[in-house]
Amino acid sequence: MTPSYITRIISVLLLFFLSESGVSAQVLVNEDHVIMKEDSVTHDFSNQPYFGLYKDNYFIFGGPVGYKANRRNTNVKFQISISQRLTRAALPWGTYLYLFYTQKVFWNVLQNSMPMTDLNFNPGIGLTKPFFVKNRYIGKLTFIIEHESNGRDSIDSRSWNRVALAGNVMVTNNLMVHAKLWAPIVDGMNNKDIVRYCGFFQTGFQLVSNNRRFSGGITITPRKNFSFNTVVDLSYRILRKDNQFLFLQYYNGRGEGLLEYNKFHSSLRVGILIKPKLFSEF
């Protein structure tokens, strides 16, 4: 099957699952279907645990799409992403200061000695501002300064920095639209052209069913020559009250990992996902 065919199949499945679960336009509610008003969200921001999840945390296994699989390109990909709130109460303008950390790893479990071939470290610090319309929480905006590198030396060293503005808007109870725009500061000697493959911004959306069991989304990053890096994901909550999901992710494009940022990858992987509260960050 070709990558474009895989994309169409996953997109159709996403729309089917969510339509079967009764997607409808409502004001935003939490997992207990309680309307999220300004006072309650502000209270949650100020009184939530200092430590929590940031982006999706997952452990998935799979291989290439459209070309022959082998021990090198069939692997485990996992991501650990956390946040730490650094202030107890809101700062001026209703903002909150966070420390972020994400680590993404490609683990070749089918090769001898099972090497972890690419480890990407992504710390950052940022200010988050939640927004409300008519006493309803509609999304947030985050100004973040972040670094990403693979911790290696010599010709395998990769690193860059980004000053970014990221936001998401809850269009309905079931639909969230997100975008992230960054100014890159490339300090890695071996990846001076990384923005040609990883772009200057990304955008996408997430959908979730009314019963919060099904979710899925698409994230697109434009890059050179009118090409795109595309991530499509589907997830299903295993138990209604547990934060564990069966997870399918399809990646098509370049820049999936730092070590081979300029090489094309088209991969399909499945596994387990743990999600942050409400919607994921990107």
Give a yes or no on whether the backbone of [Y] and the side-chain of [X] come within a donor-acceptor separation of less than 3.5 Å.
X: K180; Y: A164; result: no
X: N150; Y: D156; result: yes
X: W182; Y: Q202; result: no
X: R237; Y: R212; result: yes
X: D242; Y: Q244; result: no
X: N229; Y: R254; result: yes

What pair of heavy atoms forms the shortest contact from [X] to [Y], and how long is it?
X: S157; Y: N191; answer: O-OD1, 3.9 Å
X: F78; Y: W107; answer: CE2-CE3, 4.1 Å
X: L91; Y: L127; answer: CD1-CD2, 3.8 Å
X: V186; Y: W160; answer: CA-CB, 4.1 Å
X: Q111; Y: R71; answer: CG-O, 3.6 Å
X: A69; Y: T74; answer: CB-OG1, 3.5 Å

Just how far is it from atom [atom1] of [X] to atom [atom2] of [Y], taken to the nearest 0.5 Å?
X: Q79; Y: Y54; atom1: CD; atom2: OH; value: 10.0 Å
X: D118; Y: L259; atom1: CG; atom2: CG; value: 5.0 Å
X: N190; Y: R158; atom1: CG; atom2: CZ; value: 5.5 Å
X: L97; Y: T87; atom1: CG; atom2: OG1; value: 5.5 Å
X: I218; Y: L234; atom1: CD1; atom2: CG; value: 9.0 Å
X: I80; Y: I274; atom1: CD1; atom2: CD1; value: 9.5 Å

**Asked** Should we count CE of M116 as having more than 12 external heavy atoms under 6.0 Å?
**Response** yes
**Prompt:** Take atom NZ in K224; do more than 12 heavy atoms of anything else shown fall under 6.0 Å from it?
**Reply:** yes
Side-chain contact test, heavy atoms from C-beta onward, threshold under 4.5 Å: evaluate it for [X] versus [Y] and give yes or no.
X: I272; Y: L246; value: yes
X: D233; Y: L273; value: no
X: N168; Y: M170; value: yes
X: I194; Y: L258; value: yes
X: L53; Y: K275; value: no
X: R269; Y: F61; value: no
X: F143; Y: L165; value: yes

**Prompt:** Going by the angle between their ring planes, with limits at 30° and 60°, are Y58 and F247 parallel, tilted or perpendicular?
**Reply:** tilted
**Request:** Hey, can you tell me if Y98 and F100 have their rings parallel, tilted or perpendicular (30° and 60° cut-offs)?
**Result:** parallel
Can you get from [X] to [Y] by hopping between Ile, Leu, Val, Met, Phe, Trp and Tyr side chains that sit under 4.5 Å apart?
X: Y67; Y: Y251; result: no
X: V195; Y: I144; result: no
X: V163; Y: F200; result: no
X: I145; Y: L181; result: no
X: I60; Y: F245; result: yes

**Asked** Considering residues at least two apart in sequence or located in another chain, which fulfil the ring pair (Phe, Tyr, Trp, His ring centres under 6.0 Å) criterion with H178?
**Response** F282
**Item:** Ring-ring centroid check F214 Y236, cutoff 6.0 Å
**Value:** yes
Say whether [X] and [Y], considering side chains only, have a donor N or O and an acceptor N or O under 3.5 Å apart.
X: D193; Y: Y261; answer: yes
X: S81; Y: T102; answer: yes
X: Q103; Y: Y101; answer: yes
X: N174; Y: N210; answer: yes
X: S266; Y: N252; answer: yes
X: N225; Y: R196; answer: no

**Complete:** Those residues at least two apart in sequence (or on a different chain) that pass side chain to side chain contact (heavy atoms under 4.5 Å, CB included) with N161 are H147, I185, D187
**Request:** Before giving the answer on salt bridge (charged side-chain N to carboxylate O under 4.0 Å, His left out), spell out for K140 and E281 the whole-Å C-alpha distance, their side-chain angles and the decisive distance to 0.1 Å.
**Result:** CA-CA 11 Å; K140 61 184 178 181; E281 300 292 337; 2.8 Å; yes
**Message:** Going by salt bridge (Lys or Arg N to Asp or Glu O under 4.0 Å), name the pairs with one or both residues in residues 159-169, residues two or more places apart or in two chains.
**Reply:** E146-R162
**Item:** Audit row: N122, N120, side-chain hydrogen bond (donor to acceptor under 3.5 Å, both in side chains) steps and yes/no
**Value:** CA-CA 6 Å; N122 181 205; N120 299 175; over 6 Å; no
